[in-house]
Amino acid sequence: MTVESRPAPKLHRAWLIAGAAFVALLASAGFRSAPGVLIDPLHEEFGWSTATISSAVSVNLVLYGLFAPFAAALMERFGIRRVSATALFVIAVGAAGTVFMTASWQLILCWGVLIGAGTGSMAMSFAATVAARWFVRSRGVVTGVLTAAGATGQLIFLPLIAHLAVGSGWRTASLVIAIAALAVVPVVLLLIRDHPADVGTTAYGAPADAEVARPAPKTGSARRALSVLKTAARTRTFWLLAVGFAICGATTNGLVGTHFVPAAHDHGMPQTTAAGLLALVGVFDVVGTIFSGWLTDRVDPRILLGVYYALRGLSLALLPQLFTDSVQPSMWAFILFYGLDWVATVPPTVALCVRAFGEAGPIVFGWVFACHQLGAAFAASAAGLVRDQLGNYTLAWYSAAVLAVIASVASVAIKRAKKPVPVPAN
């Protein structure tokens with residue numbers, strides 16, 4: 001009796017696309033992790049105030065958010081591959097350009113405008129577009145993994161940037177980031193494809209009878225993005241998501257991501273130690289975000305968001321008492337707890353956007369993410385002013401805790417979508 005051998009199941013192309021997207025997001029996260037580490041070196045060399053440097057961070061955060069919906073629309077028209085490769089090149093130009101800075105406006109141009117636009121085009125809407133286009137099954141998990149790429153990039157680059165800034169100078173750190181961004185461009189061009197139909201397949205987990213067809217490209221990317229915003233803005237769901245995600249940005253990138261290192265340094269903690277703690281947030285964030293993606297496929301995303309924001313508020317309320325000149329067990333506990341929650345909010349937010357707005361969900365998420373970055377920009381500047389005026393960050397931490405509770409309430413108040421809101425093609 002002979003036993004017939006069956007060929008091993010072929011890995012679906014969607015997983016290769018997701019892997020390449022992960023690497024691209026990893027590289028784009030490089031300079032996203034730099035601001036908190038470079039504030040003190042820039043202040044020491046140029047004499048710029050914390051508020052001045054924070055204003056460049058704010059421009060970066062605003063453009064990082066505002067470019068997201070337009071990038072999602074550009075990906076509909078020109079494709080994921082071309083848009084992401086161009087974005088990585090712009091990031092490299094901005095990072096390399098900082099080496100030649102002599103005035104604060106140049107910091108705003110390179111660090112704020114160029115890197116803000118580049119990373120904005122490689123923001124979470126990129127992850128949402130890849131997940132929505134290439135996956136039906138496991139979409140939440142993939143969204144979580146791609147979102148975690150930013151945290152992993154922080155994990156890789158932040159300690160490196162801190163050590164380079166201290167040992168070789170901040171210019172060396174900037175050049176390393178530029179080289180890393182350029183190195184990923186060939187990976188994107190060779191491996192990423194815009195649609196499943198480009199390789200004669202359907203999205204992973206799509207029904208067996210699903211049509212293998214490439215959607216017609218949308219024309220007028222800016223008009224498409226604005227048209228989606230006009231429709232979405234008429235709904236209560238959009239505004240509740242926008243408010244919650246604006247607070248999410250304020251309590252993560254804007255406050256902790258930008259000011260944790262200098263705040264810890266104020267209490268006598270070495271910069272490299274504080275940067276290592278912030279990188280460790282990225283370690284736990286990878287676990288928390290992937291697990292959140294898994295939960296999003298199984299639990300009501302509104303409930304998840306309510307719990308995440310409430311727990312974040314609690315951790316931020318406790319943080320002012322945890323700063324010392326060395327790392328105590330209580331600070332380790334905060335890093336673990338806060339890290340698990342850092343961007344765990346993304347998979348349920350993406351899921352709610354797709355459920356409420358269907359095919360236009362990634363673009364709607366782009367606008368919601370723009371609100372995230374507006375909140376982050378406000379917090380980055382406001383916390384810098386608080387530090388300059390009061391000499392410490394205590395008021396900023398407590399204010400962020402209150403905002404997180406508000407975000408929790410807004411998330412639970414979102415109504416369950418029975419069917420997607422119809423969005424015009426243009």
Side-chain angles (χ1 to χ4, degrees), residues 25 29 32-37 54 57-58 60-62 64-65 68 116 119-120 123-124 127 144 147-155 158 241-264 274-275 277-289 292 304-305 307-319 334-350 365 368-384 393 396-408 410-411:
L25 287 165
R32 298 284 313 127
S33 64
V37 174
S54 295
V57 178
S58 295
N60 177 294
L61 293 172
V62 169
Y64 180 60
T119 54
M124 294 177 191
T147 301
T152 307
Q154 176 175 287
L155 166 65
L158 193 55
L241 286 169
V243 168
F245 225 44
I247 293 173
C248 180
T251 53
T252 53
N253 305 66
L255 182 57
V256 177
T258 304
H259 293 285
F260 179 86
V261 173
L277 288 175
L278 198 55
L280 196 57
V281 167
V283 176
F284 296 118
D285 180 37
V286 172
V287 177
T289 307
S292 177
L304 291 178
L305 286 177
V307 172
Y308 294 159
Y309 287 129
L311 293 176
R312 183 180 300 175
L314 175 64
S315 64
L316 289 171
L318 296 174
L319 181 59
F334 170 82
I335 294 299
L336 168 62
F337 189 81
Y338 187 82
L340 290 172
D341 188 69
W342 176 269
V343 287
T345 55
V346 174
T349 303
V350 171
F365 176 72
V368 171
F369 183 68
C371 296
H372 179 283
Q373 294 311 112
L374 290 174
F378 173 79
S381 293
Y393 287 99
W397 304 124
Y398 288 139
S399 299
V402 173
L403 288 174
V405 174
I406 294 173
S408 178
S411 300

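Computed from heavy atoms alone, side chains included, the values below leave out hydrogens, waters and symmetry copies.
Taken to the nearest 0.5 Å, the OG1 atom of Thr349 stands 6.5 Å off from the CG atom of Leu241. Rounding to the nearest 0.5 angstrom, the gap separating the CG atom in Leu319 from the OH atom in Tyr398 is 9.0 Å. Annotation: the span from Thr345 atom OG1 to His372 atom NE2 amounts to 6.0 Å, rounded to 0.5 Å. We find the CG-CG distance between Leu316 and Leu403 to be 10.0 Å, quoted to the nearest 0.5 Å. Distance check: Phe245 CZ to Leu374 CG gives 12.5 Å after rounding to the nearest 0.5 Å.
In plain terms, the two heavy atoms of Ala401 and Gly313 that are nearest each other are CB-O, 3.3 Å. The nearest pair of heavy atoms linking Ala376 to Asn253 is CB-CB, 4.1 Å. When all heavy atoms of Leu278 and Gly257 are compared, the closest pair comes out as CD2-O, 3.8 Å. Ser292 approaches Ala344 most closely through the heavy-atom pair OG-O, 2.6 Å. Residue Ala383 comes nearest to His259 through the heavy atom pair CB-CD2, 3.5 Å, listed as atom of the first residue, atom of the second, then distance. In this structure, Pro348 and Leu305 approach most closely via the heavy-atom pair CG-CD2, 3.7 Å.
Among residues at least two apart or in separate chains, side-chain hydrogen bond (donor to acceptor under 3.5 Å, both in side chains) pairs with a member in residues 309-318 are Thr251-Arg312, Arg312-Asp341.
Evaluation of the side chain to side chain donor-acceptor pair (under 3.5 Å) rule for Ser411 yields no partner, not counting sequence neighbours. In this structure Ala310 satisfies the side chain to side chain contact (heavy atoms under 4.5 Å, CB included) test together with Ser408, sequence neighbours excluded. With sequence neighbours left out, the side chain to side chain donor-acceptor pair (under 3.5 Å) criterion links Tyr338 to no other residue. Shown here are the side chain to side chain contact (heavy atoms under 4.5 Å, CB included) partners of Ala404, two or more places apart in sequence or in another chain: there are none. For Ile335, the side chain to side chain contact (heavy atoms under 4.5 Å, CB included) partners two or more places apart in sequence, or in a different chain, are Phe260, Leu277, Leu280, Val281, Phe284, Met331.
Annotation: side chain of Tyr393 is in contact with side chain of Pro262 (closest heavy-atom distance under 4.5 Å). Contact of the Thr289 side chain with the Trp342 side chain is not registered, since no non-hydrogen atoms from C-beta on lie closer than 4.5 Å. Using a 4.5 Å heavy-atom threshold, the side chains of Trp397 and Leu318 count as separate.
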_Quick one, Thr147 with Leu25, criterion side chain to side chain contact (heavy atoms under 4.5 Å, CB included). Give me CA distance, side-chain angles, the key distance, then yes/no._
CA-CA 8 Å; Thr147 301; Leu25 287 165; over 6 Å; no

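Shown here is Phe337, whose CZ atom has more than 12 heavy atoms of other residues, nucleotides or ligands within 6.0 Å.
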